[in-house]
Amino acid sequence: TTKTTHFLVRDAGGLRGQRGVLLRLPVRRRSIMECPEEILAQIFSYLPLCDRYSASLVCRKWCQTMTYPSVWYYTEVSCEFGTEDHGLQQFCQLLRKVKHLKIVLHQPKEVENRNTAIKVLHYATDRDNRLQNLSISCTGEFPLFYSGEDILRSIEGVCLNETSGLSLREVDFRDMPFTLSASLIRNIASRSPNLQKLYINNMTLVCNVTTDTIKEVLMLCPELRVLGVFYASLSEKVLSVLLDPERRPFALLELYCERTDKYVPAISKEFWTALCERHPALCVNVILNHTLPAKKILKILQPGIPIKTLELITYTYLVKEIQFVADNYCSTLERLVLQTTSSEELNSALVDLALRCSCLREIHCYCVVSRDVVQAFLTSCPDLWRYTLKTVKEPHPWRCTVLR
């Protein structure tokens with residue numbers, strides 16, 4: 001097909017106000033069927049597995065394009081009964097080309113969905129695989145007393161399979177709510193000496209990953225620069241590995257704090273200061289769960305921590321803690337989440353926080369606040385782009401306001 005496009009053509013004097021000549025030139029409109037295979041491959045890479053299967057049935061050219069490595073560089077597989085069946089059968093051999101794999105397990109109570117996730121994991125880690133980044137997340141209902149043993153056993157089996165040649169750069173289990181064993185984490189680290197990012201702060205009720213395991217991980221993976229763990233899995237002795245002069249710069253620590261931390265010695269202000277001197281670009285994200293005893297909060301939140309994101313999910317009065325945050329993290333804090341109780345003292349503390357923490361990009365407070373609080377954050381935080389600040393109680397869930 002063709003369409004008519006109008007062009008305004010001027011002579012040399014046209015820029016001085018003389019009239020141009022309006023021409024009508026036919027321009028040929030290209031069909032998507034004429035796109036080069038390289039461009040089609042980029043388009044197909046954004047499709048989920050089921051849609052890739054549908055696209056491969058359109059014509060021989062599209063089917064052939066599906067074999068391009070760029071199609072499979074990043075792949076997300078939705079493990080839900082009836083969703084990915086045909087795509088998995090068609091492309092099971094191509095999953096070895098995947099570098100970034102995200103497995104989304106829907107409704108783990110369904111055995112078929114769990115079996116699909118296990119199949120995907122084995123296909124992607126088969127001999128001569130290219131897998132570098134692995135992320136597994138779970139959504140929906142879980143069977144009663146289900147611990148994810150079949151999924152965890154499959155992951156560990158993949159790590160123990162020496163013929164696969166598996167060596168990961170990034171592992172993200174934050175949305176996989178199963179209790180992780182020390183042996184699993186140790187096997188991942190031993191198979192992946194080039195590991196750079198490891199997230200195992202998955203907010204389960206029990207943490208079985210010991211301090212000795214994390215120390216071993218840090219020693220086995222010298223390039224590790226991002227680590228998400230339970231606070232209970234850390235100690236000054238563990239983190240002293242990062243003080244080694246030969247250690248590469250460390251970028252991010254994500255810490256999840258919960259009830260068992262009442263038995264754990266807090267990392268001291270002096271140690272945090274030494275760690276920041278050794279790694280000046282270090283950022284720390286902290287989540288404090290409601291099961292953590294209130295008296296432990298300010299023992300964990302030491303003044304020397306370069307906190308970038310802080311979530312206080314305590315459902316208790318947090319006025320003193322907010323004042324502490326404003327005093328100590330005003331130059332680094334970019335995101336703050338609060339689950340607390342409304343009061344005039346809270347409003348005053350939040351206004352002071354807004355005036356002092358000008359780097360804030362997000363503030364989410366899940367209790368009613370005054371209009372002065374909202375205005376303080378809008379006027380004092382120029383980088384603010386998203387916030388949840390309600391002046392009247394609304395039905396759950398509260399939606400945030402996006403500025404830009």
Return the set of residues passing ring pair (Phe, Tyr, Trp, His ring centres under 6.0 Å) with [X] (not counting sequence neighbours), or none when no residue passes.
| X | result |
| --- | --- |
| Tyr366 | none |
| Phe44 | Trp62 |
| Phe324 | Tyr329 |
| Phe91 | Trp72 |

Please output the side-chain donor-acceptor pairs of residues 211-230 that fall under 3.5 Å, not counting sequence neighbours, one pair per line with the distance.
| from | atom 1 | to | atom 2 | distance (Å) |
| --- | --- | --- | --- | --- |
| Thr213 | OG1 | Arg186 | NH2 | 3.4 |
| Thr213 | OG1 | Thr210 | OG1 | 2.9 |
| Glu216 | OE1 | Arg186 | NE | 3.0 |

For Ser167, enumerate each residue passing the side chain to side chain donor-acceptor pair (under 3.5 Å) test, keeping only those at least two apart in sequence or located in another chain.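 Testing Ser167 for side chain to side chain donor-acceptor pair (under 3.5 Å), a comparison that skips the adjacent residues, returns none.
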Return each pair, listed once, that meets side-chain hydrogen bond (donor to acceptor under 3.5 Å, both in side chains) where at least one residue sits in [range]; pairs must be two or more places apart or across chains.
| range | result |
| --- | --- |
| residues 372-387 | Glu362-Arg386 |
| residues 135-158 | His106-Thr139, Lys109-Glu141, Arg114-Tyr146, Arg114-Asp150, Tyr146-Asp150, Glu149-Arg153, Glu156-Ser183, Glu156-Asn187 |
| residues 45-56 | Arg52-Thr75 |

Output a table of donor-acceptor pairs, distance under 3.5 Å, between side-chain atoms of residues 266-273 and any protein atom two or more places apart or on a different chain; print 'none' if there are none.
| from | atom 1 | to | atom 2 | distance (Å) |
| --- | --- | --- | --- | --- |
| Ser268 | OG | Glu236 | OE2 | 2.9 |
| Ser268 | OG | Phe271 | N | 3.2 |
| Thr273 | OG1 | Lys269 | O | 2.9 |

Which is it for Asp244 and Arg278 under the salt bridge (charged side-chain N to carboxylate O under 4.0 Å, His left out) test, yes or no, and what are the steps along the way? CA-CA 9 Å; Asp244 186 339; Arg278 174 62 186 84; over 6 Å; no
Only counting residues at least two apart or in another chain, list the ones meeting side chain to side chain contact (heavy atoms under 4.5 Å, CB included) with Thr179.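 Listed in chain order: Thr204, Val206, Asn208.
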Only counting residues at least two apart or in another chain, list the ones meeting side chain to side chain contact (heavy atoms under 4.5 Å, CB included) with Glu254.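 Testing Glu254 for side chain to side chain contact (heavy atoms under 4.5 Å, CB included), a comparison that skips the adjacent residues, returns Arg174, Tyr199, Asn201, Leu252, Asn285.
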